[in-house]
Every structure is written in C-alpha cells, then in structure tokens.
Engineer: 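Just passing along the structure, written as structure tokens.
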Amino acid sequence: MPDLLKIAVNGAAGRMGQRITALTIADPELELSAALEYAASPQQGHDAGEVCGAGKCGVTISSELVHRVDAVIDFSLPEALDSILPACEERQIPLVIATTGYTDAQREQIAAAANSTPIVMAPSMSMAVNLVMKLVSDAARVLKDNTDGVDVEIIERHHRFKEDAPSGTALHFGKLVAEQMGQENHIHGRSGRPGQRPHNEIGYHALRTGDNVGEHTIVFGMMGETIDLTVRGHTRDSYAYGALAAAKFVASQKAGLYSMNDVLGL
Ligand SMILES: NC(=O)C1=CN([C@@H]2O[C@H](COP(=O)(O)OP(=O)(O)OC[C@H]3O[C@@H](n4cnc5c(N)ncnc54)[C@H](OP(=O)(O)O)[C@@H]3O)[C@@H](O)[C@H]2O)C=CC1
Ligand SMILES: O=C(O)C1=N[C@H](C(=O)O)C[C@H](O)C1
C-alpha cells in the first residue's frame with residue numbers, strides 16, 4: 001500500500017480549516033498529521049476531528065509545526081504568514097496558500113520563499129472559478145478592440161464574516177482583464193459625483209450578506225449588449241477539494257510558485 005500523504009492544516013479551527021480537516025480525515029490517500037492555530041487561540045489542545053465535527057481523531061490543535069509533513073494547507077489570515085512561511089521555508093515543506101488579503105510586501109515574501117520551497121498559491125481553489133478565469137481572460141482578449149469601448153465591472157458577494165474586500169478572487173479577475181485590455185484605474189465602488197465613466201477603469205463592488213460562500217460576476221458592458229460571466233459557490237467544499245488536489249500536486253514538485261492552472265492542468 002502506498003504511503004499516506006501527511007497533511008498539516010493551518011487555521012484548522014476556521015470555517016475552511018474545519019472542512020479541510022474533515023475531508024483530509026475522510027480521504028484514503030491522506031493522513032492528518034498536524035492542525036495549527038495561533039498560540040493564544042481558545043482552540044489550542046482541542047482534538048481537531050472533534051472541532052470539525054468528524055469525531056475524535058487523535059490530532060490536537062497546536063501552534064508549532066513539530067513533525068515533518070508532506071504538505072501544509074493554509075486557510076488563515078494574512079497575519080499568520082510570519083509563522084507559517086518560515087516554518088515551511090526552513091525545511092522546504094510544500095505549502096498550499098489559500099489565504100487572501102496579503103499586502104504587496106507579503107506577496108514578495110511568498111515569491112522569495114518559492115525559490116527554495118514548492119508553493120501553490122491561488123485566491124480561489126475552486127475548479128469552476130479557475131475555469132471562469134480562463135473564460136474571462138478569453139472574453140477580455142476578444143473584446144479589447146470593440147469600437148465603442150467595453151466597461152468592465154466586477155461584483156462579488158460573500159458572507160458577513162469575511163474580513164478582506166474586495167475578495168482575492170475579484171482582484172485576480174481584474175488583473176486578468178487588465179492584462180488583456182489595459183485598464184489602469186481600479187476603483188472600489190462609486191459615490192458622490194464621479195462623472196461619466198472612463199473606459200480605462202475597472203470597478204469592484206463587494207457585497208457582504210449572510211452566509212454566502214462566494215459569488216463573482218464579471219460584467220462586460222457594451223453599447224447595445226452586455227455579457228455577464230457568473231460563478232457561484234454553493235458549498236465551501238468546492239474550495240476544499242481544490243486545496244486537497246493542490247496539496248497532492250505540490251507534495252511532489254520542486255521549488256517554485258505554482259497556480260491552480262498547474263494543479264488542474266487548465
Ligand atoms: N483560496 C480559496 O479557495 C479560499 C480562500 N479563502 C480565504 O481563506 C482565509 C480563511 O477563510 P475562513 O476559513 O473563512 O476564515 P476564518 O476566520 O473562519 O478562519 C481563519 C482561521 O485562522 C485562525 N488564525 C488567526 N490567526 C492565525 C495565526 N496567526 N495562525 C494560525 N491560524 C490563525 C483564525 O482564528 P480566530 O477565529 O480565533 O481568529 C481562524 O480559526 C481567508 O483569507 C479567505 O479569504 C476562503 C475560502 C476559499
Ligand atoms: O473568504 C471567503 O469565503 C472566500 N475567499 C476567497 C477570496 O477572497 O477570493 C475565495 C472565495 O471566494 C471564498
């Protein structure tokens with residue numbers, strides 16, 4: 001029987017961390033080896049299986065990555081980067097970074113760590129979202145020379161608990177569009193009297209409602225017709241399964257910064 005892939009989950013008591021923990025326990029190819037939270041977390045010392053509702057599993061939540069694991073999956077907060085990145089970099093432990101809301105400086109830190117450590121980083125681990133990223137890129141390429149111009153607006157909806165806005169995924173959609181169409185102004189909502197809409201603008205609109213697990217609509221507005229490309233999550237497991245696929249992928253890669261396109265072969 002092949003060895004099980006040993007997984008550590010960072011942010012194990014969070015909404016995503018709990019699903020990653022539960023699905024790792026249920027996956028016959030994986031073994032949950034560590035469940036991490038910050039030192040002052042009230043979840044320290046609790047059984048990770050019990051915390052996620054999967055039943056006692058014998059792995060207690062801790063703050064230090066003590067044992068060697070085959071991959072770490074991180075769904076936490078940007079503040080957690082300072083502990084998890086060096087822990088992986090020191091021992092070249094493959095890392096899946098799903099957290100969003102990093103500063104440019106933190107992104108540079110991650111890119112530097114990828115010189116010695118295999119890292120998959122993506123604002124969305126969902127297969128459907130990553131496929132729509134391809135479609136959006138294609139649409140932007142085809143529409144970029146439209147005679148009367150194309151107005152691109154990005155609308156996202158997430159649950160009321162989300163701390164960063166706009167979502168990492170919305171920002172990535174905007175980046176993909178701008179790479180094709182060249183918009184330089186990226187604005188967040190509108191108010192007052194901003195005047196007529198210039199063409200070189202992308203508008204982002206972040207809605208926070210109830211328990212929405214994530215929706216994105218990319219609007220290509222033209223004179224006479226509009227294209228809306230929408231992708232809706234129904235369950236956090238669409239992200240969680242993608243993250244487990246990323247962990248299986250990254251565990252056998254050499255150092256480098258990989259995306260979900262690499263994981264999914266898109
Ligand atoms: N790439 C993707 O596909 C997806 C990405 N995300 C992103 O993942 C992140 C987590 O989302 P979600 O699970 O909803 O958020 P939660 O707030 O539910 O989970 C974050 C967890 O990390 C804990 N935490 C805080 N600080 C640290 C630290 N220093 N070290 C370790 N753990 C820490 C939190 O503890 P406490 O609650 O006590 O603060 C909490 O348990 C967000 O950035 C979100 O945008 C979410 C879904 C999909
Ligand atoms: O916080 C969330 O929930 C999500 N965050 C990610 C993001 O910011 O893009 C991915 C997903 O949309 C859910």
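Each ligand, and each atom within it, is numbered from 1 in the order the structure gives. If you read the sequence from its start, that first residue is 1, and numbering goes on from there.
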Engineer: With a 3.5 Å cut-off and no angle check, do the side chains of Glu153 and His205 form a donor-acceptor pair?
Structural biologist: yes

Engineer: For atom 1 (O) of ligand 2, which protein heavy atom lies nearest, and how many Å away is it?
Structural biologist: Lys162 NZ, 2.9 Å

Engineer: Have a look at Gln18, Arg15, Met125 and point out the one with the heavy atom closest to atom 16 (P) of ligand 1.
Structural biologist: Arg15

Engineer: Which atoms of ligand 1 are found less than 4.0 Å from any heavy atom of Ala13?
Structural biologist: 41 (O)

Engineer: State the atoms of ligand 1, each with its element, that fall below the 4.0 Å cut-off from a heavy-atom position in Thr99.
Structural biologist: 8 (O), 43 (O)

Engineer: What I want to know is whether Arg236 and ligand 2 share at least one N or O pair that is separated by under 3.5 angstrom.
Structural biologist: no

Engineer: Side chain or backbone, does Gly168 bring an N or O within less than 3.5 Å of an N or O on ligand 2?
Structural biologist: yes

Engineer: Applying a heavy-atom cut-off of 4.0 Å, say which part of Ser63 lies close to ligand 1: side chain, backbone, both or neither.
Structural biologist: neither

Engineer: Taking only heavy atoms of His158, which atoms of ligand 2 are found under 4.0 Å from at least one of them?
Structural biologist: 2 (C), 3 (O), 4 (C), 11 (C), 12 (O), 13 (C)

Engineer: For a quick check under 3.5 Å, do Thr60 and Asp47 share a side-chain donor-acceptor pair by atom type?
Structural biologist: no

Engineer: Taking the minimum heavy-atom distance to atom 23 (C) of ligand 1, which of Glu37, Met121, His172, His159 ranks first?
Structural biologist: Glu37

Engineer: Could a heavy atom of Ser124 be found less than 4.0 Å from some atom of ligand 2?
Structural biologist: no

Engineer: May I ask you to check whether Asp164 and Thr100 show a side-chain donor-acceptor distance below 3.5 Å?
Structural biologist: yes

Engineer: Compile the donor-acceptor pairs under 3.5 Å between side chains in residues 126-137 and protein atoms, sequence neighbours left out, one pair per line.
Structural biologist:
unit_1: Ser126; atom_1: OG; unit_2: Ala128; atom_2: N; d: 3.2
unit_1: Ser126; atom_1: OG; unit_2: Val129; atom_2: N; d: 2.9
unit_1: Asn130; atom_1: ND2; unit_2: Ser124; atom_2: O; d: 2.8
unit_1: Asn130; atom_1: ND2; unit_2: Ser126; atom_2: O; d: 2.7

Engineer: Which ligand 2 atoms, with their elements, are less than 4.0 angstrom from a heavy-atom of Tyr239?
Structural biologist: 11 (C), 12 (O), 13 (C)

Engineer: Suppose I only count heavy atoms of Tyr239 and a 4.0 Å limit; which atoms of ligand 1 are within that range?
Structural biologist: 3 (O), 48 (C)

Engineer: Backbone, side chain, both or neither: what part of Pro42 comes under 4.0 angstrom of ligand 1, heavy atoms only?
Structural biologist: neither

Engineer: Does any N or O of ligand 2 fall below 3.5 Å from an N or O anywhere on His216, backbone included?
Structural biologist: no

Engineer: Taking only heavy atoms of Gly14 into account, list the atoms of ligand 1 that are under 4.0 Å away from them.
Structural biologist: 18 (O), 19 (O), 21 (C), 40 (C), 41 (O)

Engineer: Using a strict cut-off of 4.0 Å, indicate which atoms of ligand 2 neighbour a heavy atom of His159.
Structural biologist: 1 (O), 2 (C), 3 (O)

Engineer: Give a yes/no on ligand 2: does Val213 have at least one heavy atom closer than 4.0 angstrom to it?
Structural biologist: yes

Engineer: Looking at His199, Met223, Met222, which hits side chain to side chain contact (heavy atoms under 4.5 Å, CB included) with Asp148?
Structural biologist: Met223

Engineer: Number the atoms of ligand 1 from 1 as they appear, then name those within less than 4.0 Å of a heavy atom of Leu77, with their elements.
Structural biologist: 25 (C), 26 (N)

Engineer: Is ligand 1 under 4.0 Å from a heavy atom in the side chain of Arg236, in the backbone, in both, or in neither?
Structural biologist: neither

Engineer: Report yes or no: does a heavy atom of Ser126 sit under 4.0 Å from some atom of ligand 1?
Structural biologist: no

Engineer: Just by distance, with hydrogens left out, do Asp74 and Ser76 show a side-chain donor and acceptor under 3.5 Å apart?
Structural biologist: yes

Engineer: Under a 4.0 Å heavy-atom limit, does Ile84 contact ligand 1 with its side chain, its backbone, both, or neither?
Structural biologist: neither

Engineer: Who gets closest to atom 29 (N) of ligand 1 by heavy atom: Ser238, Ala80, Ser124?
Structural biologist: Ala80

Engineer: Tell me which pairs pass ring pair (Phe, Tyr, Trp, His ring centres under 6.0 Å) where either residue lies in residues 242-266, with sequence neighbours left out.
Structural biologist: Phe249-Tyr258

Engineer: Near Met16, which atoms of ligand 1 are under 4.0 Å from a heavy atom of that residue?
Structural biologist: 13 (O), 46 (C), 47 (C)

Engineer: Are side-chain heavy atoms of Arg107 and Met121 found at a separation under 4.5 Å?
Structural biologist: yes

Engineer: If you take the centroid of each ring, where Trp contributes its six-membered ring, are His172 and His216 closer together than 6.0 Å?
Structural biologist: no

